[in-house]
Every structure is written in structure tokens, then in C-alpha cells.
2 protein chains.
Amino acid sequence: MEFRRPSYFALATLIDGPLHGYAIVQRAAELSDGDVHLSTGTLYALLERAISEGLVVAGEIYLEGGRQRRDYRLTDNGRSALQAEADRLSSAGRTVARRLRATARVAPR
Amino acid sequence: MEFRRPSYFALATLIDGPLHGYAIVQRAAELSDGDVHLSTGTLYALLERAISEGLVVAGEIYLEGGRQRRDYRLTDNGRSALQAEADRLSSAGRTVARRLRATARVAPR
DNA sequence: GAACTATAAGTCGATCAGCGACATGTAGTC
DNA sequence: GACTACATGTCGCTGATCGACTTATAGTTC
């Protein structure tokens, strides 16, 4: 399982519990420190994919304050996939940062 | 500047000094711990892009042991872009890993 | 010497995630 | 009545990646 940044943060918003689509968009922006601005086009396509891969399950549509909502929940598989991806990202970041540091003094340009 | 994994590792191979295309492919696999297998289609398209964005410069074609080669070198801008991306990756990995740890005991599924 | 593997360059068409624009509707504020 | 925020979703375009292909040399194995 491999994620692009928007999908990664979208799924990550579900770690603390189920959320509905609109909330995912807002929370993803927070989590990513303003880096990721999910378009709805991205969101719903991504959720479809995640559902078909068993990473996420969709709840029933319900009404909250006169508005339609549908919650999405992370599965155990989803959690593991996120864990694995978080490890890959950390490792990728660390590896390159280390190389950059190592060559900083030796070859400034 | 934002990178997908293959582009990120391809550029990262140039941190230690210029390399030619074939070497980039091999080194990227190493650096990414076998995660990234650059296809040549990806490689040369990515290099074109990086050159046009001033992240990389291409050297002249030369002969080495009867084989044509062309080296690619990372620019200062390329280095900074990599640095920034490495930071983003580390941060993205850290953020999610922390959330996963925090909820591990509280909500196991 | 024919076949095969490794080294080296590159092109091209298909796929697929993400993006922006659009459509639809409610609740609340100016 | 207009505008903003909340909430759902669809659709067509773009652009990075991928796999297959082409071309060519050097070295090894049968």
C-alpha cells in the first residue's frame, strides 16, 4: 500500500475516530500544518479506493442539525497501512537529511 | 516544490555528487531500501522537469569504457528543495506515528 | 560464434491520483 | 436577498509514474 500526501493525511484524520467528509478536509489541513488542501474531488475518490481496499468503512447517512452526513472509519488494516507509511516517510526523510548534513561542509555547492 | 517518492529519491542520489542516469536508478533503489525502482520512463521525464526547474544541470555526453554517458548534477536550489521535502516527510511521518501511538491503548480497533 | 546478461541512452502510450469547477441543498448572518 | 459556512457528491483535465519498446556496446557462457 502506498499513499500520496493527500490520501495519507486524509486517512490519518481518522486515527482519532470516525469523521465525515467535510471534517476530514478541515482536519487534514490542520494535521499537515496547512500543507494539504483536499479538494472534494480528491476526497471522495480516495475514500472509494480506501473502502474497496478495506482500509476504511463508510457509515450510514444521517442527519445532524438539518444536514446530511456520513461518517468514515479506519479499519485495523487501515491503521497498519498508515503505520507502515508513516515509517517509510520518516525513514525517507531521515535518510536524505543525514546525507545532506554529511555533505554540507565537504561540498557546499 | 513537491516530490513524489521516485523523484525524491532520484534527486537524493545526486547529493553525494553527479551521477549518470543508469547509476541514479541503481542508487535510488539502494537509498530507498529497495522501495523505489525507477523506470527509465520516469527517470528521464523527471530529469527534464528538474532541469527546467533549475534543480539539476545536465553535463555533456562522454564516453566511458566504450559506453555513452551523461552526468546530472544537483544545483543549490535542488539541494534546498530536497532539504525542504525531507523535513516535510519527517514531519508527516512523525505526526502520524505520534497519533497512532497515542490512540493505541485507548482504542485498539 | 550465438546467446545471454549487464551497462548505458532514450521514447511512447496507458494508467491513475489529484485538482478545480460545477451541481445541489440547508443553516445562519448581514 | 445576498453571502458565508456546512455538507454531499460528480466530472473532465493534467501530470507523474510505469511498463514495454528501441538502440548500442562489453563481457561471459555454452
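All values reported here derive from a predicted model rather than from experimental measurement.
Looking at residues 81-96 of chain A, you'll see that no heavy atom sits under 4.0 Å from any atom of DNA chain C. Residues from residues 39-48 of chain B lying near DNA chain C, meaning a heavy-atom separation below 4.0 Å, are B:T40, B:G41, B:Y44 in numerical order. Listed by residue number, the members of residues 61-72 of chain B with any heavy atom below 4.0 angstrom from DNA chain C are B:R67, B:Q68, B:R69, B:R70, B:Y72. Taking a 4.0 Å limit (strictly below) on heavy-atom distances, residues 29-38 of chain A does not reach DNA chain C anywhere. Contact check of residues 4-13 of chain A against DNA chain C (heavy atom, cut-off under 4.0 Å) returns A:R4, A:P6, A:S7.
Residue B:R94 holds its CZ atom at 5.5 Å from OG of B:S91, rounded to the nearest 0.5 Å. Atoms OG1 and CZ, from A:T75 and A:R73 in turn, are 7.5 Å apart once rounded to the nearest 0.5 Å.
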> What do the steps show when you test B:D87 against B:L89 for side-chain contact (heavy atoms from CB on, under 4.5 Å), and what is the final call?
Replying inline: CA-CA 5 Å; B:D87 290 347; B:L89 291 180; over 6 Å; no
>> Assess the residue pair A:T103 and B:R79 against the criterion (side chain to side chain donor-acceptor pair (under 3.5 Å)); give the C-alpha distance rounded to whole Å, side-chain angles, the decisive distance to 0.1 Å, and a yes or no.
In response: CA-CA 11 Å; A:T103 56; B:R79 263 188 88 94; 3.1 Å; yes
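Within the structure, salt bridge (charged side-chain N to carboxylate O under 4.0 Å, His left out) contacts touching residues 29-47 of chain A (residues at least two apart or in different chains) are A:R27-A:E30.
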For residues 47-66 of chain B, please give each side-chain donor-acceptor pair under 3.5 Å, one per line with the distance, not counting sequence neighbours.
unit_1, atom_1, unit_2, atom_2, d
B:S52, OG, B:R49, O, 2.9
B:Y62, OH, B:D71, OD1, 3.3
B:Y62, OH, B:D71, OD2, 3.2

Side chains of residues 4-23 of chain A: which donor-acceptor pairs under 3.5 Å do they make with residues two or more places apart or in other chains?
unit_1, atom_1, unit_2, atom_2, d
A:R5, NH2, B:E85, OE1, 3.4
A:R5, NH2, B:E85, OE2, 2.4
A:Y8, OH, B:A92, O, 2.8
A:T13, OG1, A:A10, O, 2.5
A:D16, OD1, B:R99, NH1, 2.4
A:D16, OD2, B:R99, NH1, 3.1

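With a cutoff of under 4.0 Å to any heavy atom of chain B, the contacted region of DNA chain C is bounded 5' to 3' by C:dA6 to C:dC12. Bounding nucleotides for the chain A contact on DNA chain D, 5' to 3', at a heavy-atom distance below 4.0 Å, are D:dA5 to D:dC11.
Nearest heavy-atom pair across B:A86 and A:A97 is CB-N, 4.2 Å.
In this structure B:T40 satisfies the side-chain contact (heavy atoms from CB on, under 4.5 Å) test together with B:Y44, sequence neighbours excluded. The side-chain hydrogen bond (donor to acceptor under 3.5 Å, both in side chains) test applied to B:S39 returns B:T42, not counting sequence neighbours.
Checked by atom type and distance alone, the side chain of B:S32 pairs as donor or acceptor with a backbone atom of B:A29 at under 3.5 Å.
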